[in-house]
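In what follows, a single structure is set out as structure tokens and then discussed.
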Amino acid sequence: MAAATNSILLKLKPKIKIKICNPLFGYPRSNSSASPSIPHLFSTTTLPYADADSDCSSEIKATADANPNFIHPSTDVHPNAIIGHGVSVGPFCTIGSSVKLGNGCRLYPGSHVFGNTEIGDHCLLMPGAVVGDHLPGRTVLGCNNVIGHHAVIGVKCQDLKYKPGDECFLHIGDNNEIREHTSIHRSSKSSDKTVIGDNNLIMGSCHIAHDCNIGNNNIFANNTLLAGHVVVEVSQDVPKYTMVVGERAELRGLNLEGLRRNGFTATEIKSLRTAYRNIFMPVDSNSTSFEERITKVEEDKELGKITAVCTMIQSLRDSFAQNRRGICKFRYFSGS
């Protein structure tokens with residue numbers, strides 16, 4: 001019975017190992033025999049890994065022994081699933097036959113990955129998360145993504161025009177945080193795909209439907225709902241360092257919180273606010289033209305020396321260059 005208190009170590013291929021851990025997710029049972037009288041059930045499964053003799057780098061080969069995988073015995077892992085190095089899988093998870101998990105992924109208890117699904121390195125699936133579906137087509141997640149509690153990603157769309165058997169696709173980039181109870185659906189036909197870019201924060205209970213195209217660095221507040229075929233962009237340029245609101249984007253001031261988070265100094269922020277007021281909030285908008293106000297800021301002895309102000313001014317000038325669309329609409333507010 002003492003042997004049953006230890007982790008079971010299987011050497012599947014040279015320098016590539018897997019440990020079947022105890023019911024405490026993420027922590028293999030130590031070699032101590034402090035509780036030899038308590039029996040534990042362990043399951044063993046042969047899992048395919050990146051071939052130690054093929055594309056693995058020498059660094060991975062050298063460190064594979066130090067980075068075993070921890071698979072809880074209650075988890076259902078299909079023998080054909082491909083698991084990277086340093087992967088941790090908690091209790092009662094499911095990993096399907098066509099799944100590929102990258103290095104360092106962590107699946108918390110009760111999370112599931114189905115269908116033809118590829119998940120990049122260092123992704124995190126919180127309890128109850130579901131990624132992929134048993135459908136033709138594919139779901140792809142990049143690296144360093146977090147899938148929140150009970151989020152459902154890469155399942156069949158709700159478009160009645162979808163024909164069973166058609167391929168459908170979802171592609172998610174890197175460094176996205178997708179929070180609890182969010183749903184993101186695959187495309188409605190094989191010629192399209194649902195796309196989420198990089199570095200997005202999608203808060204709780206959001207819905208992104210089939211064939212949507214989301215860029216980079218977006219923040220979706222709780223309960224944001226996108227119907228099918230939505231492209232997140234604005235019809236005209238948004239000046240650098242500013243915020244917009246509304247269905248037809250309207251300028252609403254500087255993104256002060258974003259500036260602070262990105263390390264802009266108090267002097268830079270103060271100068272940007274002064275420049276913004278001079279351009280977009282003149283005392284009398286009829287006394288000077290928009291172009292004249294931009295020129296005045298450029299020629300100001302103090303503001304003209306601030307790099308951030310010059311960058312904002314250049315973004316305005318670029319928006320009015322040949323064949324460009326100009327900037328989004330803005331209201332004149334009294335600067336008094």
Side-chain angles (χ1 to χ4, degrees), residues 173-177 179 196-206 208 212-226 230-336:
D174 303 328
N175 306 309
N176 296 288
E177 184 172 1
R179 295 299 299 268
I196 311 291
D198 303 330
N199 305 301
N200 295 291
L201 171 57
I202 303 174
M203 297 185 188
S205 301
C206 290
I208 299 176
C212 285
N213 194 324
I214 311 302
N216 304 325
N217 304 300
N218 296 290
I219 298 177
F220 292 83
N222 299 78
N223 300 303
T224 298
L225 308 176
L226 299 186
V230 171
V231 178
V232 177
E233 62 178 12
V234 293
S235 58
Q236 292 176 294
D237 292 344
V238 177
K240 201 171 185 70
Y241 310 132
T242 63
M243 299 186 299
V244 294
V245 297
E247 182 182 354
R248 292 293 181 264
E250 182 176 291
L251 195 61
R252 278 302 165 82
L254 291 171
N255 184 1
L256 297 176
E257 187 60 32
L259 291 170
R260 295 187 187 101
R261 289 177 178 176
N262 283 276
F264 283 73
T265 65
T267 299
E268 289 175 315
I269 294 174
K270 182 179 179 181
S271 299
L272 283 169
R273 296 183 74 167
T274 301
Y276 183 92
R277 290 194 185 101
N278 290 344
I279 296 171
F280 297 106
M281 302 171 63
V283 175
D284 183 2
S285 61
N286 295 320
S287 62
T288 56
S289 68
F290 186 74
E291 172 63 30
E292 289 173 333
R293 296 196 296 274
I294 292 178
T295 301
K296 185 176 179 180
V297 170
E298 282 182 314
E299 295 176 351
D300 186 279
K301 292 182 179 179
E302 298 298 327
L303 297 178
K305 297 178 182 179
I306 305 298
T307 301
V309 173
C310 294
T311 300
M312 184 177 74
I313 294 297
Q314 187 59 51
S315 77
L316 293 172
R317 294 221 176 270
D318 290 344
S319 295
F320 291 98
Q322 187 176 7
N323 299 324
R324 292 294 292 269
R325 303 169 295 180
I327 64 169
C328 58
K329 63 181 180 179
F330 58 93
R331 297 180 185 178
Y332 287 110
F333 295 92
S334 174
S336 58

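Remark: D174 CG to I196 CD1 distance equals 13.0 Å, nearest 0.5 Å. The CD1 atom of I294 lies 13.5 Å from the NZ atom of K296; values are rounded to the nearest 0.5 Å. The CG atom of D198 lies 13.0 Å from the CD1 atom of I214; values are rounded to the nearest 0.5 Å. The distance from atom CG of N175 to atom CG of N199, rounded to the nearest 0.5 Å, is 5.0 Å. Between the CD1 atom of I279 and the CE atom of M312 there is a distance of 4.5 Å, given to the nearest 0.5 Å. The OG1 atom of T224 sits 7.5 Å away from the CG atom of N222 when rounded to the nearest 0.5 Å.
The stretch residues 306-317 participates, sequence neighbours left out, in these side chain to side chain donor-acceptor pair (under 3.5 Å) pairs: E291-R317, T295-R317, E298-R317, Q314-D318.
Aromatic ring centres of Y276 and Y241: separated by at least 6.0 Å.
Counting only heavy atoms from C-beta outward, the side chains of L272 and V309 approach each other to under 4.5 Å. The side-chain heavy atoms of L256 and R273, taken from C-beta on, include a pair separated by under 4.5 Å.
Contact detail for F320 and G326: the closest heavy-atom pair is CE2-CA, 4.0 Å. Considering every non-hydrogen atom in both C206 and I202, the closest pair reads CB-CG2, 3.7 Å. For the pair D237 and P239, the tightest heavy-atom approach, listed with the atom from each and the gap, is O-CD, 3.8 Å. Nearest heavy-atom pair across T288 and R293 is O-NH1, 2.9 Å. Residues D300 and L303 come closest through the heavy atom pair OD1-N, 2.9 Å.
Checked for salt-bridge contact, E257 and R261 meet the test: a charged N lies under 4.0 Å from a carboxylate O.
A side-chain donor-acceptor contact under 3.5 Å links N176 and N200.
Remark: the backbone N or O of M203 is not paired with any side-chain donor or acceptor of R179 at under 3.5 angstrom.
Not counting sequence neighbours, the partners of S205 by the side-chain contact (heavy atoms from CB on, under 4.5 Å) test are H181, N223.
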